[in-house]
**Q** 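Pasting in a structure now, in structure tokens, and then I'll have a few things to ask.
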Amino acid sequence: VSLEDGRGEISGSGAADANQPVVCLTGLFPSIRRAWATVDNAIFVWRFDSDTDPNVVQYEGQEQAISAVALAPVKPGVFWEAIQHVLVVCTSVEVTLVGIVMQPKGGRGAESSYESMNLQPLPLYSVSTDTVMMSSVCATSGGRIFLGGEDGHIYELLYSVGDNWRNRRCSLVCHSKNLLNMVIPTFLRGTPSSVEQLVIDEERGIMYARTRSSGVQVFDLGTDRKANPSKVAEITDIVEAARRGGPNGLGRQLFARESS
């Protein structure tokens, strides 16, 4: 496995036809010292700080190409103790959780706890997206999982221990739809812009969403990061806003004032 200049190159990906387009994503999980890459429906995870034993693991539990991946700490009391993190794997039709089990190979100190990793399928923790492709995903330090859809909406993946009439074991909740979305016809709402990136500001309890059309939305999660996301600000075109501001725009004036 190798990554050069932001491009992934993985041997033995098993592509059925060389003429078919291949969907590839890459990224890092710094908290567990791992890099990852996807090739269509397969995900590869390996240590980025070890040349002698990268501990490459592979998971191919999806039938469709993977559209987004994230690492999330688990909620207390849901899985057995060995699973401290989960992979959130998104495709065009579902969102799936995969357990991560870290196993030291011996030795002392913090280094040994990152040496070996196994991926544990969790078949009961998968939910349909109802034809909405999830294009981005992120998690808070408390284990909340947020997803951005190609329909322009913000979702949250909820999961729990049991499955009963009050609480489903795994479900998706949309936080950005309102009554107007249900009443106004689709042709009047215009074409939605896919949510391409989600970022959590843990200190402020804020989530930022960047759309494909260069829009930025700001959601308040509360000081404890446990509240439902509430949109508090939005810029529909941040590139145009920056252009209008110019070299002496409001942002530059504010930053200059703080630095002085």
**Q** About how many Å separate NZ of Lys75 and CZ of Arg144, when rounded to the nearest 0.5 Å?
**A** 8.0 Å

**Q** If hydrophobic clusters are built from ILVMFWY residues whose side chains come within less than 4.5 Å, do Phe79 and Leu119 share one?
**A** no

**Q** Does any part of the side chain of Leu87, heavy atoms only, come nearer than 4.5 Å to the side chain of Ile100, both counted from C-beta?
**A** yes

**Q** Do Leu198 and Val127 share a hydrophobic cluster (ILVMFWY, side-chain heavy atoms under 4.5 Å, transitive)?
**A** no

**Q** Enter the distance from Ser31:OG to His85:NE2 here, rounded to the nearest 0.5 Å.
**A** 4.5 Å

**Q** Atom OG of Ser116 and atom CZ of Arg47: how far apart are they, to the nearest 0.5 Å?
**A** 10.0 Å

**Q** Counting C-beta onward and ignoring hydrogens, is there a side-chain heavy-atom pair between Trp36 and Leu71 closer than 4.5 Å?
**A** no

**Q** Within the 4.5 Å heavy-atom criterion, are Val45 and Tyr59 side-chain neighbours or not?
**A** no

**Q** Taking Val23's backbone N and O only, do any of them form a donor-acceptor pair with Asp40's side chain (distance below 3.5 Å, no angle check)?
**A** yes

**Q** Quick one: are Met117 and Gln103 in side-chain contact, heavy atoms under 4.5 Å?
**A** no

**Q** At what distance, to the nearest 0.5 angstrom, does SG of Cys170 lie from CG of Leu124?
**A** 9.5 Å

**Q** What verdict does the side chain to side chain contact (heavy atoms under 4.5 Å, CB included) test give for Ile145 and Val95, after you've listed the backbone C-alpha separation in whole Å, the side-chain angles of each residue and the deciding distance to 0.1 Å?
**A** CA-CA 11 Å; Ile145 300 171; Val95 180; over 6 Å; no

**Q** Tell me who clusters with Val93, hydrophobic residues only, linked when side chains sit under 4.5 Å apart either directly or through other members.
**A** none

**Q** Any side-chain to backbone donor/acceptor pair from Thr96 onto Ser126? Under 3.5 Å, distance only.
**A** no

**Q** Is a donor from one side chain sitting under 3.5 angstrom from an acceptor on the other, for Gln64 and Glu94?
**A** no

**Q** Give the other cluster members for Val173, using side-chain heavy-atom distances under 4.5 Å between Ile, Leu, Val, Met, Phe, Trp and Tyr residues; answer none if it is isolated.
**A** Leu158

**Q** What orientation do Tyr159 and Tyr125 show, parallel under 30°, tilted 30 to 60°, or perpendicular over 60°?
**A** perpendicular

**Q** Do Asn41 and Thr91 come within less than 4.5 Å of each other through their side chains, counting heavy atoms only?
**A** no

**Q** Please examine the side chains of Ile43 and Gln62, heavy atoms only from C-beta on, and report whether any two atoms are closer than 4.5 Å.
**A** no

**Q** Below 4.5 Å, heavy atoms only, C-beta onward: do Ile83 and Leu122 meet side chain to side chain?
**A** yes

**Q** Could you state whether Val137 and Phe146 fall into the same hydrophobic cluster, counting links through intermediate Ile, Leu, Val, Met, Phe, Trp or Tyr residues with side-chain heavy atoms under 4.5 angstrom apart?
**A** no

**Q** Are Val86 and Val161 in one and the same hydrophobic cluster, where Ile, Leu, Val, Met, Phe, Trp and Tyr link if side-chain heavy atoms are under 4.5 Å apart?
**A** yes

**Q** Decide if atom CG of Asp224 counts as having more than 12 heavy atoms of other residues, nucleotides or ligands within a radius under 6.0 Å.
**A** yes

**Q** Shortest non-hydrogen contact from Gln120 to Trp80?
**A** CG-CZ2, 3.8 Å

**Q** Measure the OG-CZ distance between Ser136 and Arg210 for me, rounded to the nearest 0.5 Å.
**A** 8.5 Å

**Q** Supply the atom-to-atom distance Ile206 CD1 to Ser230 OG, rounded to the nearest 0.5 angstrom.
**A** 9.5 Å

**Q** Tell me, with the steps shown, if Arg33 and Ser50 meet side chain to side chain contact (heavy atoms under 4.5 Å, CB included).
**A** CA-CA 9 Å; Arg33 304 183 185 180; Ser50 175; over 6 Å; no

**Q** Within the structure provided, determine whether Val195 and Tyr155 are in side-chain contact (heavy-atom separation under 4.5 Å).
**A** no

**Q** If Ile, Leu, Val, Met, Phe, Trp and Tyr residues are connected whenever their side-chain heavy atoms lie under 4.5 Å apart, and connections chain through other members, are Val57 and Val98 in the same group?
**A** yes

**Q** For Met207 and Cys138, work out which heavy atoms get closest and say how close.
**A** SD-SG, 4.3 Å

**Q** Under a 3.5 Å distance rule, please check whether Ser135 uses its side chain to pair with a backbone N or O of Gly148 as donor and acceptor.
**A** yes

**Q** When you look at Arg34 and Met102, which way does the side chain to side chain contact (heavy atoms under 4.5 Å, CB included) test go after all the steps?
**A** CA-CA 11 Å; Arg34 278 346 188 244; Met102 307 299 293; 3.7 Å; yes

**Q** With Glu196, which residues qualify under salt bridge (charged side-chain N to carboxylate O under 4.0 Å, His left out), at least two apart?
**A** Arg212

